[in-house]
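Shown next, in structure tokens, is the structure this report addresses.
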Protein chains: 2
Amino acid sequence: MSNEIIDQLATPNTTKIVLLVMDGLGGCPAEPGGPTELEAARTPNLDALAASAECGLLDPVYPGVTPGSGPAHLSLFGYDPVAGNIGRGVLSALGVNFPVQRGDVAARINFASLDRAGLVTDRRAGRISTGENARLCERIRTGVRLDPSVEWFIEPEKEHRAVLVLRGDGLSEEVADTDPQKTGVPPLEALPHAPAAERTAALVADFLRQVKALLADEPKANITLLRGFAAHRHYPTLVERFRLRSLALAAYPMYKGLARLVGMDVREGAASTAELVGMLAAELANYDFFFVHFKETDSRGEDGDFAAKVAAIEVMDALLPHITALAPDVLAVTGDHSTPAALKGHSWHPVPLILKSRWSRPDRVTRFDEVSCAGGGLGRMPSLHLMGLMLAGAMRLQKFGA
Amino acid sequence: MSNEIIDQLATPNTTKIVLLVMDGLGGCPAEPGGPTELEAARTPNLDALAASAECGLLDPVYPGVTPGSGPAHLSLFGYDPVAGNIGRGVLSALGVNFPVQRGDVAARINFASLDRAGLVTDRRAGRISTGENARLCERIRTGVRLDPSVEWFIEPEKEHRAVLVLRGDGLSEEVADTDPQKTGVPPLEALPHAPAAERTAALVADFLRQVKALLADEPKANITLLRGFAAHRHYPTLVERFRLRSLALAAYPMYKGLARLVGMDVREGAASTAELVGMLAAELANYDFFFVHFKETDSRGEDGDFAAKVAAIEVMDALLPHITALAPDVLAVTGDHSTPAALKGHSWHPVPLILKSRWSRPDRVTRFDEVSCAGGGLGRMPSLHLMGLMLAGAMRLQKFGA
């Protein structure tokens, strides 16, 4: 599945590639026999694009595997999602734009509620506000003192979510989660998975002990649960690998973080997808590759709201002409993974894909939905293959061999 | 992608396999919305074969990758096209039927024109005739003297093309091209890419110096440019790997060379495809596997002549009954790669495939073209998988495991 051959063949060109990721795009029938969200949606613009292009299905990681957002996006960007898997902690750090460095070990924090018996009663501390979260982080920053050989940082994310970053020599990511993933039980201990992680685990245990003492008087968020310990590794950039100067147009922190991880520039300030699409027009001359992220399809799928996901698809469909009007040399529309409302979460189902360029062969797909794309000219393939096809359609790959 | 399991399972049988390669078969619409060359062609015999067989699409090397003829054919013969990639020089040597040996280092020569300022003015010396080329090669053969510890050979190809072969102990292919790939600049120096190549690079530099002095009085071709230095490696033969005694029926030197590389016998003397097909009938009893090469689809695609490529497809279609009448146990019809007339060259698009045997499952394809084959029962797969499927259909693979 490695696509390193693409790196060797990539060559610069003046062509433009736009990758529109409708997060969690793929769906499922709400009831057996019913339509999927895409089948239920009225999507004249996506349908017209599909009819003029080639369609297919993408497997984000491996058939049957439900991916997180990290591997699902990495795969679309041309990075092996298994070999290059990113830990949750680093993903969180990138998401809040923390300047994470190679060797840093990061963990995702949940502010949580502990009762007097020492049992977790709420893993999200009643979903405290982001402002509350920031106040608690500041309290921890000033109140906790760790071994001075290690630098550490705590940064709030949204609501009850935060991130801890440890920096220093000889740190290890091989530390067990302390989040028990359920209520009515005590938090887990920060245990080392390997001897090399003993010092890191002791530091984490010290941190948790001090935080517990410090927040004992808090009404809701009186403890932190840690999970997803991950060391930050170097990813070669899209410029280094594919000669693509790249821009991410995404509103949510995690997707910006993923984009930065592979060396994309990120434009801040856009709150809506319409604004993101406006930025695309303004920046078209300045980059080669554009990652446009549309979040709402995933959010409504996670909510389990079939009708709202259908509506989100129709919102993006209405915005699509602003992208097609720019006539990029290659336009790919797909999802990072499926998020069927019926499952209220990510799923393993392959994701429909439209790939349009001057060199698209015709196929017989005239409607953008899962079953139509299953009969498309691109067939079914790993998401990892998309980057090579986008580069090929943009005439950015040299011939292999004589 | 490795298919080594097939080697372990291959077993002899009396069955016959015919692989018809219509070079550069896959196409693209001349204009968006139009038909591909295959869709435009009238192909009653290929259509009938497709209707009675299984169809699919083959990716020669990797999705998005445009292959040269070497890797594209190796893949159809069951050889990993990336791990087993052949350098240009060796391909040229094979193409002129030079008996290249393991350890030989070969390079492709262009006769070129140098002006008095030492700048390349024409990388093809005005496309001198093949006869001129042969005269120049003979002049070099008699006029150049290299270190006697090394044997060397120069052989003309067509027009301005020739090949240099060095033979001796300790030669290396790690020598930089001297062809600058553009005009108005001096030739590049023959530099070693690695310390082990210093002696080879010095030999090459000596050769180039002597040739330049020798040809100084030539009106057009007064210099040689070298590229694609490549050492000849051993390829296990089709007999060794798959127990297939194999015959190539090809008119063009490079394809004969590729066939010899994997141990096929080659019949000389056929000028036309009709003659090649006639040879197939005569040789059917003598071999297990037959590679029949049809060049014109690629040539007309390279010319950018859509109508001529359509006509070439129809020529092969008219000859097909002479092959089907022989009723081989397995008949595969495909291309080594796509050569859309709209692109005037090889492309990355997958190639349509018909695979016919007594054991073909039915599918719903009744027309041999790209979009129909995309909906075929074989799906989309690497070309490397074809050999296993041909062997299976010919009952030449044992069961794997108990």
Side-chain angles (χ1 to χ4, degrees), chain A residues 1-11 17 48 51-58 78 242 327 330 332 353 355-366 372-402, chain B residues 1 26-29 31-36 39 56-57 59-74 81-82 84-92 95 108 227-228 230 254 337-338 340 342-343 345-350 369-376 378-381:
Chain A
M1 284 246 300
S2 165
N3 65 348
E4 281 163 23
I5 188 173
I6 301 298
D7 302 48
Q8 299 163 28
L9 301 174
T11 187
I17 301 173
S52 75
E54 279 182 291
C55 294
L57 287 178
L58 295 179
F242 309 126
V330 172
L353 164 69
L355 183 60
K356 158 94 173 179
S357 81
R358 161 68 183 89
W359 308 110
S360 298
R361 271 182 186 159
D363 63 18
R364 288 168 188 153
V365 179
T366 56
S372 299
C373 286
L378 293 169
R380 178 175 178 163
M381 65 178 72
S383 297
L384 186 61
H385 289 181
L386 178 61
M387 179 55 79
L389 291 173
M390 291 191 291
L391 290 167
M395 305 302 268
R396 284 174 170 271
L397 291 182
Q398 295 174 295
K399 185 159 79 170
F400 174 72
Chain B
M1 284 246 300
C28 257
E31 300 292 336
T36 68
E39 288 178 312
L57 287 179
D59 279 298
V61 171
Y62 198 81
V65 171
T66 297
S69 298
H73 274 85
L74 279 185
V82 177
N85 189 24
I86 312 171
R88 175 82 242 182
V90 169
L91 207 57
S92 288
R108 159 72 181 272
R227 62 188 161 102
M254 186 165 59
H337 53 75
S338 293
L343 278 163
H346 296 195
S347 80
W348 62 92
H349 299 85
D369 57 47
E370 296 85 351
V371 63
S372 298
C373 286
L378 293 170
R380 178 174 179 163
M381 66 177 80

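Predicted, not measured: the structure shown is a model, and the values here were computed from it. We name chains A, B, ... by the order of the sequence lines, and we start the count at 1 in each one.
- Of the residues considered (B/Ser69, B/Gly64, B/Gly70), B/Gly64 shows the highest number of contacts with chain A, using heavy-atom pairs under 4.5 Å.
- Counting heavy-atom pairs closer than 4.5 Å to chain B, the top residue among A/Ser52, A/Pro362, A/Gly379 is A/Pro362.
- If you measure heavy-atom distances from A/Met390 to chain B, you find no contacts under 4.5 Å at all.
- The nearest pair of heavy atoms linking A/Arg358 to B/Ala342 is NH2-CB, 4.2 Å.
- Contact annotation for B/Ser92: neither backbone nor side-chain heavy atoms come within less than 4.5 Å of a heavy atom of chain A.
- With respect to chain B, the highest number of heavy-atom pairs below 4.5 Å among A/Leu386, A/Leu397, A/Ile5, A/Leu391 belongs to A/Ile5.
- If you measure heavy-atom distances from B/His349 to chain A, the contacts under 4.5 Å come from both the backbone and the side chain.
- A donor-acceptor pair under 3.5 Å is absent between the side-chain atoms of A/Arg361 and the main chain of B/Thr36, judged by distance alone.
- Distance alone, capped at 3.5 Å, places no donor-acceptor pair between the B/Arg380 side chain and the A/Arg380 backbone.
- Contact record, A/Phe400 with B/Val82: CZ-CA, 3.9 Å, taken as the closest heavy-atom pair.
- Of the listed residues (B/Gly228, B/Gly27, B/Gly87), the greatest number of heavy-atom pairs within a distance under 4.5 Å of chain A belongs to B/Gly27.
- Summarising the geometry of A/Ala392 relative to B/Trp348, their closest heavy-atom pair is O-CH2, 3.3 Å, with the distance given to 0.1 Å.
- Proximity to chain A (any heavy atom under 4.5 Å) is shown, for B/Pro350, by both the backbone and the side chain.
- Neither the backbone nor the side chain of A/Met387 comes within less than 4.5 Å of any heavy atom in chain B.
- Here the closest non-hydrogen pair linking B/Pro29 and A/Ser360 is CD-O, 4.1 Å.
- Contact annotation for A/Leu9: only side-chain heavy atoms (C-beta onward) come within less than 4.5 Å of a heavy atom of chain B.
- Across A/Gly376 and B/Ala374, no two heavy atoms sit closer than the pair O-CB, 4.3 Å.
- In terms of heavy atoms, A/Lys399 sits closest to B/Gly68 at CG-N, 3.8 Å.
- When heavy atoms are compared at a cutoff of 4.5 Å, A/Ile6 approaches chain B solely by way of its side chain, counted from C-beta outward.
- Heavy atoms closer than 4.5 Å to chain A are found nowhere in B/Ala72, neither backbone nor side chain.
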